[in-house]
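As structure tokens, the structure follows; a few thoughts come after it.
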Amino acid sequence: MSTQDNKEKVPIFKSWKGWYAFVVVVLVVLIVLFYLFTQKFA
Amino acid sequence: MKPLDWIVLITTLALIMAYGIYRSRTTRNLDGYFLSNRSMPWWLVLLSIMGTQASAVTFLAAPGQAYTDGMRFVQYYFGLPLAAIVVCITFVPVFSRLKIYTAYEFLEGRFDGKTRTLTSFLFLLQRGLSTGISIFAPSIILSSLLGWNIYWTNLFMGGLLIVYTVSGGAKAVAYTQQLQILIIFAGMFIAGYYVVHSLPQHVGFTDALEVSGKLGRLNVITSGIKNGKFDWGDKYNIISGIIGGFFLQLSYFGADQSQVGRYLTARSVTQSRLGLLMNGIVKIPMQFLILLIGVLVFTFYQFNKAPAFFNGKELVRLETSVYKDSLKGLQQRMDEVQVQREKALSNYAVSPNERQVAQLRSLQVTTDSVRQEVKSLVRKNKGDDNDTNYIFLRFVTDYLPVGLVGLLIAIIFLASWGSIAAALNSLASSTVVDFHKRFCREKTHEEEYKMSRWYTLAWGVFCIGVAMFASNIGNSLIEAVNILGSLFYGTILGVFLVAFYFKRIGGTAVFYAAIITEIITIILFIASELKYIGLGFLWLNAIGGICVVLFGFLLQWVLPQKGKPAQ
């Protein structure tokens, strides 16, 4: 990996924290959706 | 298999091999051979990570697991996104800054040579054996279902990919995984479509979900609580998935060279992180869909007669054994239950109510009970009584159209090749960098490059050897793939956790802490297998990781002068 790492912009979000929060939100949303799915059909 | 199936299978495999050899042009040094000159974009890293993690067992075992046990296995992956975040924050920047080839190289600088050697050795042992089993597991299933010779199947499953893996290294591995994943996804979607298409005309997709849900197969989220207490022996629930799964995935992505090697090929920290995080986002939905196919197969067999036992080879052995009359009786009972089930389903379709649901559940209990009796006969006949991994392929070979059968069989090979190729590349890189180079110095980059290719070939031969040996033992080893990881991952992860987060602990303390922890892990595993304790194997990862940290502190306190802590 090159020295361009420090200069490379974080895509989409302003920082990597934004990405990490997004991944956590996706996980929580998936768990909630799966729970609702289980409740509806089980 | 029909001629068209063979054409599709051979063409697909030949295409992958040709593409892998075409993509084998790389610089003739360790950077080129093991890390593709650190040039990959995030999406290629993502596909490579996915191709490495999803083996043939994923596509065989998961639908079968959903058929017999429902969808709760998806919870096994809930810890993965959280682990990906931790790897992005801590592991990726450090590995990138140090320009390492293997994860264990980092440990020598942080601790000492013996800690690096121990951790690398544990990785080689675990990955070497599990790769051999990863060759054997799909081979025994294909051999049983299709009547292929197991030794030739092992050879094709593990041997052909050696051609492009040896010649092209990490670059060939990554580019072939890209193509493999796309073919696998396309094939699984087509299979899913055909399962729904094969249901009776009056049964749509949501009807299928409703039926399977009423029969307990859509148990996606489970708490693990039984009789008011948390069941530590329960394998898959939301708690073990998030906590135990987190430690497992953290070790897998942070300390297993077969995955570390994938994101080290990225051209920057950003590309590495994006590949890992995107995998954290897509893996769970992908696994959900694979399990859903198993549920749809289950629904299909509500309306169609299911085999008494999905492993046809064992069934044929039973039919020609002293138990054939007992088997015949059980098969007649299954036929009678099927007639009652079809009637109950018609009644349910006309007037869905709790009484109809109760009757369907009762019939399912009867079916499960008859299957248990058949399994008992298989055991008495000295066969393997676990047919979970045969369910999906049996459905494929019995019901899917000609051509698609060949494609689905090809997918089993491709999934296998993707993970095995990455494993061979990582085994070779660790052998060369963590062992060979430290004791035998090659003079030129060309010599190192040639040595790397020889080691890749040697590990390929070793893993095929393990597969051949496993063929003599039996296919209960299929489950060993999952368990082998948990036996070693906790200890290896613990060493890395100490390395990153507990600077006061030095090399000697963590070295002995790792050995003690590994012994404890094996004891706990044996105790659980012998039913002295109830402990799901996922928990071994967390226990291993935490024990190394705790013993590390204790030993550092007892041995303060030996093994300097980090400055």
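All of these numbers come straight from a predicted model, not from anything done at the bench. Residue numbers start from 1 in every chain, and the chains themselves are labelled A, B, ... in the order their sequence lines are given, proteins ahead of strands.
- When each of B:Ile281, B:Ile85, B:Ile242, B:Leu82 is paired with A:Leu27, the side chain to side chain contact (heavy atoms under 4.5 Å, CB included) condition holds for B:Leu82 and for no other.
- Both the backbone and the side chain of B:Ile89 come within contact range of chain A, with heavy atoms under 4.5 Å apart.
- When heavy atoms are compared at a cutoff of 4.5 Å, A:Ile31 approaches chain B by way of both its backbone and its side chain.
- Using a 4.0 Å cut-off between charged nitrogen and carboxylate oxygen, B:Arg361 and B:Asp368 do not count as a salt-bridge pair.
- In this structure, B:Phe34 and B:Leu264 have side chains that are not in contact, with every pair of non-hydrogen atoms separated by 4.5 Å or more.
- In this structure, chain A has heavy atoms under 4.5 Å from both the backbone and the side chain of B:Phe78.
- Ring-centre distance between B:Phe106 and B:Phe500: below the 6.0 Å cut-off.
- The closest side-chain donor-acceptor pair between B:Ser48 and B:Arg262 falls under 3.5 angstrom.
- In terms of heavy-atom pairs under 4.5 Å with chain B, the best-connected choice from A:Phe37, A:Phe22, A:Tyr20, A:Tyr35 is A:Tyr20.
- Between chain A and the residues B:Arg273, B:Glu210, B:Arg97, B:Met71, the largest count of heavy-atom pairs under 4.5 Å involves B:Arg273.
- Between chain A and the options B:Pro93, B:Cys88, B:Gly216, B:Gly280, the largest number of non-hydrogen pairs under 4.5 Å is found for B:Cys88.
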